[in-house]
Amino acid sequence: MTQFTEEVLVIIKGIPYGRVMSYGRVAKLAGNTRGARQVVRILHSMSEKYNLPWHRIINSKGKISITDKRNAAIQRELLISEGIKVSEDGYIDISTYGI
DNA sequence: GTGGTGACGGGCC
DNA sequence: AGGCCCGCCACCA
């Protein structure tokens, strides 16, 4: 467990209800501007056991970036259930819901 | 050691 | 917006 990883966990858990943040943004706040891919890894491996709001993480274009159709649909549902508007192809208005 | 692989980002059309 | 390209970096076979 590196320092960066801990920071990422704290930041992600700190994203308020109804807001979203991009991978790169999280990485930057955690202290590594180029750590977006590492954030992805952390989400993949720890989102379940650490109970992370992984659905509040989207890419810099404001779109759900998950390749797995199944999980992408789940993320969309979770966001909508938080009052966030998500278009059918997975776009979120980042200027409204972004941090 | 080594090469392929992403739930990515940014720059440039 | 969206496509293409390249840089990045931990992970895994």
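Computed over heavy atoms, backbone and side chain alike; hydrogens, waters and symmetry mates excluded. To find a chain, count down the sequence lines: A is the first, B the second, and so on, and within it residues start at 1.
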| note | Note: for Arg41(A) and Lys61(A) on DNA chain B, the residue whose nearest nucleotide lies more 5' is Arg41(A)

| task | Please report, rounded to the nearest Å, how far the P atom of dG6(B) is from the CG atom of Asn71(A). | result | 15 Å

| field | Nearest-neighbour nucleotide for the Val40(A) side chain, dG9(B), dC9(C), dA7(B) considered | value | dA7(B)

| request: Might you work through the side-chain contact (heavy atoms from CB on, under 4.5 Å) test for Ile57(A) and Leu52(A), ending with a clear yes or no? | output: CA-CA 10 Å; Ile57(A) 311 294; Leu52(A) 301 175; over 6 Å; no

| request: Rounded to the nearest angstrom, tell me the gap between atom CG in Asn32(A) and atom P in dC9(C). | output: 7 Å

| request: State whether the number of non-hydrogen atoms from other residues, nucleotides or ligands found under 6.0 Å of Arg76(A) atom CZ is greater than 12. | output: yes

| field | Rounded interatomic separation in angstrom, taking CG from Leu29(A) and P from dG9(B) | value | 13 Å

| Looking at the side chain of His44(A), which of dA7(B), dG9(B), dC9(C) is the nearest nucleotide? | dA7(B)

| Integer-rounded Å distance: dC12(C) C1' and Arg37(A) CZ | 15 Å

| remark: Separation between CE (Met46(A)) and CG (Leu9(A)), nearest 0.5 Å, reads 6.0 Å

| Is the phosphate of dC9(C), meaning OP1 or OP2, less than 4.0 Å from a side-chain N or O of Arg34(A)? | yes

| Any donor-acceptor pair under 3.5 Å linking the side chain of Ser45(A) with the backbone of Arg41(A)? | yes

| query | How long is the line joining CE of Met46(A) and P of dA7(B), in whole Å? | reply | 17 Å

| At under 4.0 Å, does any side-chain N or O of Ser22(A) touch on OP1 or OP2 of dG9(B)? | yes

| said: Set out, in order, the CA-CA distance, both residues' side-chain angles and the distance that settles side-chain contact (heavy atoms from CB on, under 4.5 Å) for Arg56(A) and Ile84(A), then state yes or no. | reply: CA-CA 10 Å; Arg56(A) 299 194 186 128; Ile84(A) 298 175; 5.9 Å; no

| Would Val10(A) end up clustered with Val40(A) when hydrophobic side chains under 4.5 Å apart are linked, directly or stepwise? | no

| request: Using Watson-Crick or G-U wobble pairs with both distances under 3.5 Å, give me DNA chain C in dot-bracket, 5' to 3', with [ ] for crossers and | for pairs to another strand. | output: .||||||.|||||

| Gap between atoms NZ and C1', on Lys63(A) and dG3(C) respectively (whole Å) | 12 Å

| remark: Separation of dG10(B) atom P from Ile94(A) atom CD1, nearest Å, is 10 Å

| note | Arg25(A) CZ to dG9(B) C1', in whole Å, measures 14 Å

| field | Side chain proximity check, Leu79(A) to Tyr97(A), heavy atoms < 4.5 angstrom | value | no

